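A, B, ... follow the sequence lines: proteins, then strands. Residue 1 opens every chain. Quantities reported herein were computed from a predicted structural model and do not represent experimental measurements. Only this structure's heavy atoms are used, side chains among them; waters, hydrogens and symmetry mates stay out.
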Number of protein chains: 2
Amino acid sequence: METIVDNQKVRITKKLEKMFAHIDYKNPPALCPVRDVMSVASDQWSTLIILWLAYFDTLRFNKLKKYVYGISNKVLSQRLKALEADGYLKREAFPEVPIRVEYSLTEFGHSYVERLLELTEWMQKNSPKVLANREQYGLQ
Amino acid sequence: METIVDNQKVRITKKLEKMFAHIDYKNPPALCPVRDVMSVASDQWSTLIILWLAYFDTLRFNKLKKYVYGISNKVLSQRLKALEADGYLKREAFPEVPIRVEYSLTEFGHSYVERLLELTEWMQKNSPKVLANREQYGLQ
DNA sequence: CATATTGGTTACTTTTAGTAACTTACTCTA
DNA sequence: TAGAGTAAGTTACTAAAAGTAACCAATATG
């Protein structure tokens, strides 16, 4: 049992090393691609947009807005553009009247969802614990 | 081979169902715990703070600030407080002169790192692709 | 001829983030 | 003994981002 836990620790340490060992914090890169990519894909609204698109396969602007409740037209529009630009989703416009626009994930977007779900699943499972922690902290 | 891919799809669909099936978008909850928890833990700066703490085990304020380069005192201080409140890390102050304060992950924080790393690893691996996508999109 | 529709955009306000100077309390140096 | 230095922040101010609500085009319907 101990060895399994230890193995996991070693695995995590290796991943962290791969991620950080090469970084010279005295000469930090002006533009870090990972941060840049993260800021689009891991944004809160983006996360919700991507997950709902994974769930429904295809959604139109106003439907998406209903599911990702609380988002404004402006921000939804901005996020969709950014996510399209980064290759997570595609936009298809049909020249009907009124216009119909369908959004759906690309293959790349689907591959991201696999990882993203691990995280949001964890969030869902642990949110009661976090809220309890937070309340306790507030009482101090 | 096909069945493996199919199995994965089924697994993802199940996860999505578990996450979304119960949500009535016509009566969205005013406060969604998952969103709330996500907004603290998945914030960009928080992510970097947590990962550096996972890498070094213990870091003091100013060291952390150097590794999480670009962050301001104000935001670092805010994030540390929020992450402490939510139970991801603990703060230990030693009454020396000048004061010494050490930050380190809790067990809960470490359990989060496991999931978080999956995501940031993916980001690191795929950031060139994203940047390429973005450039292509810009040319259109 | 007014109204409704979809998928946005625009101008304006509020919230959040970033910048840089300041604080506290003690120690070390000149 | 005045002056500088140090760690871990805080504070006042400015810039950027997000939220709000009204508006738009082009056409169909009542």
Side-chain angles (χ1 to χ4, degrees), chain A residues 25 28 30-32 35-49 52-53 56 58-86 89-104 137 140, chain B residues 25 28 30-32 35-49 52-53 56 58-86 89-104 137 140:
Chain A
Y25 74 91
L31 280 175
C32 166
R35 288 186 182 196
D36 191 4
V37 168
M38 202 160 70
S39 75
V40 172
S42 291
D43 163 88
Q44 240 211 100
W45 290 126
S46 299
T47 300
L48 294 168
I49 291 168
W52 279 110
L53 281 177
F56 279 115
T58 293
L59 280 171
R60 297 170 63 176
F61 189 89
N62 282 317
K63 240 343 177 1
L64 196 45
K65 197 189 155 186
K66 271 167 197 149
Y67 288 111
V68 185
Y69 62 88
I71 198 170
S72 65
N73 286 20
K74 184 184 130 191
V75 173
L76 178 54
S77 170
Q78 283 173 352
R79 288 297 172 285
L80 286 171
K81 265 180 201 155
L83 290 171
E84 193 196 354
D86 282 9
L89 56 84
K90 59 177 184 290
R91 176 187 186 278
E92 224 178 334
F94 301 87
E96 304 170 359
V97 169
I99 193 174
R100 176 163 58 100
V101 178
E102 294 188 346
Y103 291 94
S104 53
Y137 185 86
Q140 285 164 18
Chain B
Y25 74 91
L31 280 176
C32 167
R35 286 188 184 195
D36 192 3
V37 169
M38 203 160 69
S39 75
V40 172
S42 290
D43 162 88
Q44 241 211 100
W45 290 125
S46 299
T47 300
L48 293 169
I49 291 169
W52 279 110
L53 281 178
F56 279 114
T58 293
L59 280 171
R60 297 170 63 177
F61 189 90
N62 281 317
K63 240 341 174 8
L64 197 45
K65 197 188 154 186
K66 270 167 199 149
Y67 288 111
V68 185
Y69 62 89
I71 199 170
S72 65
N73 285 20
K74 184 185 131 191
V75 173
L76 178 54
S77 170
Q78 283 174 350
R79 288 296 173 284
L80 286 171
K81 265 181 201 152
L83 291 171
E84 193 196 354
D86 282 10
L89 56 84
K90 58 177 185 289
R91 177 188 185 276
E92 224 178 334
F94 301 87
E96 304 170 359
V97 169
I99 193 173
R100 176 163 57 100
V101 179
E102 294 188 347
Y103 292 94
S104 53
Y137 185 87
Q140 285 166 17

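Put simply, CG on Leu64(B) is 10 Å from P on dG9(D), counting in whole angstrom units. At whole-Å resolution of the value, NZ in Lys65(B) and P in dA17(C) are 17 Å apart. In this entry the distance linking CD1 of Ile71(B) with P of dA17(C) reads 10 Å, nearest Å. Between the C1' atom of dG7(C) and the CD atom of Glu84(A) lies a distance of 14 Å, rounded to the nearest Å. One interatomic measurement links the two molecules: CD of Glu96(B) to P of dA7(D), which rounds to 12 Å at whole-angstrom precision. As rounded to whole Å, 15 Å separates atom C1' of dA18(D) from atom CG of Leu48(A). For the pair Glu102(A) CD and dG8(C) P, the interatomic distance rounds to 12 Å; values are reported in whole Å. Spacing between atom CD1 of Ile99(A) and atom C1' of dA4(C) amounts to 17 Å, rounded to whole angstrom units.
Both Gln78(A) and Lys63(B) lie close to DNA chain D; mapped to their nearest nucleotides by heavy-atom distance, the more 5′-ward contact belongs to Lys63(B). Toward the 5' end of DNA chain D, the nearer of the two residues Pro98(A) and Asp43(A), judged by each one's closest nucleotide, is Asp43(A).
When atom types are taken as modelled, the side chain of Ser46(A) and the backbone of Ala41(A) share no donor-acceptor pair closer than 3.5 angstrom.
Of the side-chain N and O atoms in Lys74(B), none sit less than 4.0 angstrom from OP1 or OP2 of dT14(D). In this model, the phosphate group of dT16(C) is not approached by any side-chain N or O of Trp45(B) to a distance below 4.0 Å at OP1 or OP2. The side chain of Arg91(A) places an N or O atom within less than 4.0 Å of a non-bridging phosphate oxygen (OP1 or OP2) of dG8(C). The side chain of Arg100(A) contributes no N or O atom lying less than 4.0 Å from OP1 or OP2 of dG7(C). In this model, the phosphate group of dT9(C) is approached by a side-chain N or O of Ser77(A) to a distance below 4.0 Å at OP1 or OP2. Dashed line: the shortest gap from a side-chain N or O of Lys66(A) to OP1 or OP2 of dT6(C) is not under 4.0 Å. Distances shown here put every side-chain N or O of Tyr103(B) at or beyond 4.0 Å from the OP1 or OP2 atom of dA7(D). Note on Arg79(B): a side-chain N or O is less than 4.0 Å away from OP1 or OP2 of dA17(C).
Among dT6(D), dT27(C), dA18(D), the nucleotide with an atom closest to any side-chain atom of Val97(B) is dT27(C). For Asn73(B), the side-chain atoms get nearest to dG9(D) when compared with the rest of dA7(D), dG9(D), dG8(C). Side-chain atoms of Phe61(A) lie closest to dG8(C) of the nucleotides dT5(C), dG8(C), dG9(D).
A cation-pi arrangement is present between Arg35(B) and Tyr69(A), with the terminal nitrogen or guanidinium carbon under 6.0 Å from the aromatic centre and inside a 45° cone about the axis.
When heavy atoms are screened at a 4.0 angstrom cut-off, Lys81(A) is found touching the sugar-phosphate backbone but no base atom.
Inter-residue side-chain proximity for Lys81(B) and Tyr137(A) is flagged as met; some heavy-atom pair is nearer than 4.5 Å.
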Does the pair Leu83(B) and Ile49(B) meet the rule for a side-chain contact (heavy atoms from CB on, under 4.5 Å), with working shown?
CA-CA 9 Å; Leu83(B) 291 171; Ile49(B) 291 169; 4.1 Å; yes

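When ring centroids are compared, Tyr25(B) and Tyr67(A) come within the 6.0 Å threshold.
Taking the charged nitrogens against the carboxylate oxygens, Glu102(B) and Arg100(B) do have a contact shorter than 4.0 Å, which makes a salt bridge.
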